[in-house]
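Worksheet for the structure shown next.
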Number of protein chains: 2
Amino acid sequence: MGALILEPLARPDGMTTHEYAHRRLRQAIMVGSIRPGESLTIRGIAEAMESSPTPVREALRRLSSEGALKVLDNRRIMVPKMTAERFGELIALRAVLEKHAARRAVAHITERQIDRLVEIDTAQDEAIARKDNATALLLNQEFHRTLYTANPDQIIMPMVESVWLQLGPFLGIAMEHVALLYFVDRHQEAIAALRKRDADAVAEAINADICEGIGGFERAAIENLLRLARQ
Amino acid sequence: MGALILEPLARPDGMTTHEYAHRRLRQAIMVGSIRPGESLTIRGIAEAMESSPTPVREALRRLSSEGALKVLDNRRIMVPKMTAERFGELIALRAVLEKHAARRAVAHITERQIDRLVEIDTAQDEAIARKDNATALLLNQEFHRTLYTANPDQIIMPMVESVWLQLGPFLGIAMEHVALLYFVDRHQEAIAALRKRDADAVAEAINADICEGIGGFERAAIENLLRLARQ
DNA sequence: ATTTTGGAAATGTGATCACAAAAATCAATA
DNA sequence: TATTGATTTTTGTGATCACATTTCCAAAAT
């Protein structure tokens with residue numbers, strides 16, 4: 001039984017234990033560092049983060065409601081298995097959700113916030129240039145999140161994050177077998193469209209960003225990756 | 001402190017306590033029987049369903065991850081307040097999600113399943129005819145759920161249900177102040193389109209069903225309802 | 001009358017314990 | 001050697017308890 005490895009994570013004070021457990025597990029899943037099928041035990045996790053079963057269970061419940069984990073009939077908890085079909089559904093859903101989120105942000109976003117997007121994008125390009133995949137991934141997420149949350153009444157962000165979470169295991173597999181993730185982004189296109197307040201163009205840029213980014217994997221490539229991972 | 005009223009609910013055996021608590025609270029929220037702002041206490045709920053804090057807390061965590069509940073800074077838990085803006089976001093999101101879910105179900109649904117949709121729709125019409133709003137609501141949900149889950153790899157259903165949950169409080173308010181919910185539905189249109197395997201027409205029927213149903217409330221009417229409820 | 005303040009009650013949180021079910025281990029048998 | 005069966009260990013679950021924080025309420029002060 002291999003011990004669970006969990007990246008330590010800063011814990012702001014006032015943060016409850018279950019919240020901390022949730023964040024730490026979530027981050028691990030998001031970057032694909034927990035393998036589908038790997039058995040997660042409550043006591044194991046509690047021990048790994050030096051706490052007790054109660055708050056860990058709360059974290060696991062939340063993650064299962066977010067689609068990041070699946071409870072089996074045995075009541076065992078695991079990261080859902082990835083299939084080519086599921087991957088396709090996730091990408092299609094991601095595109096629909098984020099197109100919509102982007103479109104509804106256009107009316108609310110300020111020039112100041114667009115400037116912030118530019119900052120994030122250049123930081124991401126630098127990370128890509130120095131082949132720092134982890135940082136690039138985080139900055140890419142921050143770009144999208146900053147855009148979508150410009151809408152103050154926005155409700156969609158938790159769902160977008162749920163899709164990101166569910167794509168995590170695929171990222172993990174891809175990173176293991178492909179040297180580096182090919183990063184195309186259409187962020188500049190999105191920024192230009194935002195400046196012009198052209199909602200359709202923004203939505204289309206985000207759509208292309210997703211479809212040509214992680215969504216660009218060919219079905220054959222996906223099945224190949226999954227076959228490699230299975231063994 | 002008014003005691004919490006919770007509809008008793010059948011508990012299939014093998015169902016865990018936290019799961020049961022989750023389902024019961026979820027159903028109460030979904031039909032709007034818990035008012036926004038009403039304070040929910042863990043011990044209160046535990047007492048109401050004759051269990052203990054631990055499983056109730058797990059249920060509350062799940063519901064907050066599903067957007068049905070919100071944890072305040074006080075760590076108090078409540079049903080989110082409804083505003084006209086939030087309502088608008090929810091309806092727009094609901095339309096986008098369900099159009100997509102419907103479209104992606106078309107290729108998978110069987111004639112047998114379409115027959116089932118017809119059954120559900122006629123049962124709903126009967127419920128509407130006898131002014132049985134609660135049953136009509138449930139059957140309407142079952143219609144949509146049956147359609148969307150025809151796609152075996154579907155991933156979107158939890159998100160659709162999350163939106164339904166978040167609309168719950170509005171339903172509660174509307175039911176209190178409007179004698180009966182005006183039920184227009186475009187189900188027959190959707191069924192006809194399904195028989196023809198016309199994905200665009202299915203999506204459009206679902207879109208109309210949502211926009212002319214609960215989404216059809218005018219902004220003025222919404223603000224009026226919310227003002228009435230506040231007092 | 002309004003505000004302040006003190007303590008009592010209520011509440012969220014997390015650790016621990018006991019129990020039952022599931023999984024794993026190992027010995028005995030075919 | 002493979003398989004069955006019993007025992008041991010592991011695991012999920014939920015009740016309970018102790019602690020810290022917040023809320024509530026009444027009495028006192030301004």
Side-chain angles (χ1 to χ4, degrees), chain A residues 1-6 8-9 11-26 34-66 68-80, chain B residues 1-6 8-9 11-26 34-66 68-80:
Chain A
M1 184 193 74
L4 179 64
I5 309 275
L6 240 41
L9 205 71
R11 176 172 178 174
D13 59 281
M15 173 179 269
T16 59
T17 307
H18 81 262
E19 200 173 346
Y20 179 63
H22 176 256
R23 184 169 302 190
R24 235 166 114 173
L25 286 168
R26 176 193 170 84
I34 301 184
R35 275 244 202 38
E38 185 171 343
S39 85
L40 288 177
T41 68
I42 295 173
R43 284 178 171 90
I45 296 168
E47 194 173 347
M49 50 177 70
E50 296 173 354
S51 67
S52 70
T54 314
V56 170
R57 246 165 52 209
E58 294 173 39
L60 293 178
R61 300 286 176 227
R62 289 189 53 186
L63 288 165
S64 74
S65 274
E66 292 162 11
L69 295 175
K70 197 166 138 51
V71 286
L72 278 56
D73 297 332
N74 327 340
R75 293 179 180 170
R76 272 288 151 73
I77 292 174
M78 52 172 275
V79 174
Chain B
M1 184 194 72
L4 179 65
I5 309 276
L6 281 176
L9 206 69
R11 177 172 178 174
D13 59 282
M15 174 178 268
T16 59
T17 307
H18 81 261
E19 200 174 347
Y20 179 63
H22 176 256
R23 184 170 302 190
R24 237 168 111 172
L25 285 168
R26 175 194 171 86
I34 300 184
R35 274 246 201 38
E38 185 171 343
S39 85
L40 289 176
T41 67
I42 295 173
R43 284 178 171 89
I45 297 167
E47 195 173 347
M49 50 178 67
E50 294 173 355
S51 66
S52 70
T54 313
V56 170
R57 246 164 54 210
E58 294 172 39
L60 293 178
R61 300 287 175 226
R62 289 189 55 184
L63 288 166
S64 74
S65 274
E66 291 162 13
L69 295 175
K70 197 166 137 52
V71 286
L72 278 56
D73 296 333
N74 328 338
R75 293 180 179 169
R76 273 289 154 72
I77 292 172
M78 52 172 273
V79 175

Nearest-Å distance, CD1 (B:Ile45) to P (D:dG14)? 16 Å

Integer-rounded Å distance: D:dG14 P and A:Glu58 CD: 13 Å

Selected nucleotide, minimal atom distance to A:Thr41 side chain, candidates C:dT13, C:dA15, D:dG12: D:dG12

Contact summary for A:Arg24 and A:Ala48, nearest pair of heavy atoms: NH2-O, 4.1 Å

Give a yes or no on whether a donor-acceptor pair under 3.5 Å exists between the nucleobase atoms of C:dT16, that is its base, and the side chain of A:Thr54. yes

So for atom CZ, which belongs to A:Arg11, do other residues, nucleotides or ligands contribute more than 12 heavy atoms lying within a distance under 6.0 Å? yes

In terms of side-chain heavy atoms of A:Arg43, which of D:dG12, C:dG12, D:dT16 is nearest? D:dG12

Is there a residue in residues 69-77 of chain A whose heavy atoms reach under 4.0 Å of DNA chain C, and which residues are they? A:Asn74, A:Arg76

B:His18 and A:Arg57, any side-chain heavy atoms less than 4.5 Å apart: no

Counting only side-chain nitrogens and oxygens, does A:Thr17 get under 4.0 Å of the OP1 or OP2 atom of C:dG14? yes

Select base, sugar-phosphate, or nothing to describe what A:Leu40 touches, counting heavy atoms under 4.0 Å on all strands. sugar-phosphate

With nearest nucleotide decided by heavy atoms, which residue, A:Pro55 or B:Gly44, maps closer to the 5′ end of DNA chain C? B:Gly44

Report yes if a donor N or O on one partner sits less than 3.5 Å from an acceptor N or O on the other, where the partners are the side chain of B:Arg57 and the base of C:dG14; otherwise report no. yes

Heavy-atom check, side chain of B:Ser51 versus side chain of B:Val56, under 4.5 Å: yes

Counting only side-chain N and O atoms of B:His18, is one of them less than 4.0 Å from OP1 or OP2 of D:dG14? yes

Compare the minimum distances between each of D:dG12, C:dG12, C:dG14 and the side chain of A:Ile42, then state the nucleotide with the smallest one. D:dG12

Just how far, in rounded Å, is P of D:dT11 from CD of A:Glu38? 13 Å

May I ask you to verify if any side-chain N or O of B:Arg61 is less than 4.0 angstrom from the OP1 or OP2 atom of C:dT13? yes

Is it true that atom CD of B:Glu47 has more than 12 heavy atoms of other residues, nucleotides or ligands lying nearer than 6.0 Å? no

Pairwise side-chain contact, B:Leu72 with B:Ile77, heavy-atom cut-off 4.5 Å (strictly under): no

If you compare all heavy atoms of A:Met78 against all heavy atoms of A:Glu38, which two are closest, and at what distance to 0.1 Å? CB-O, 3.9 Å

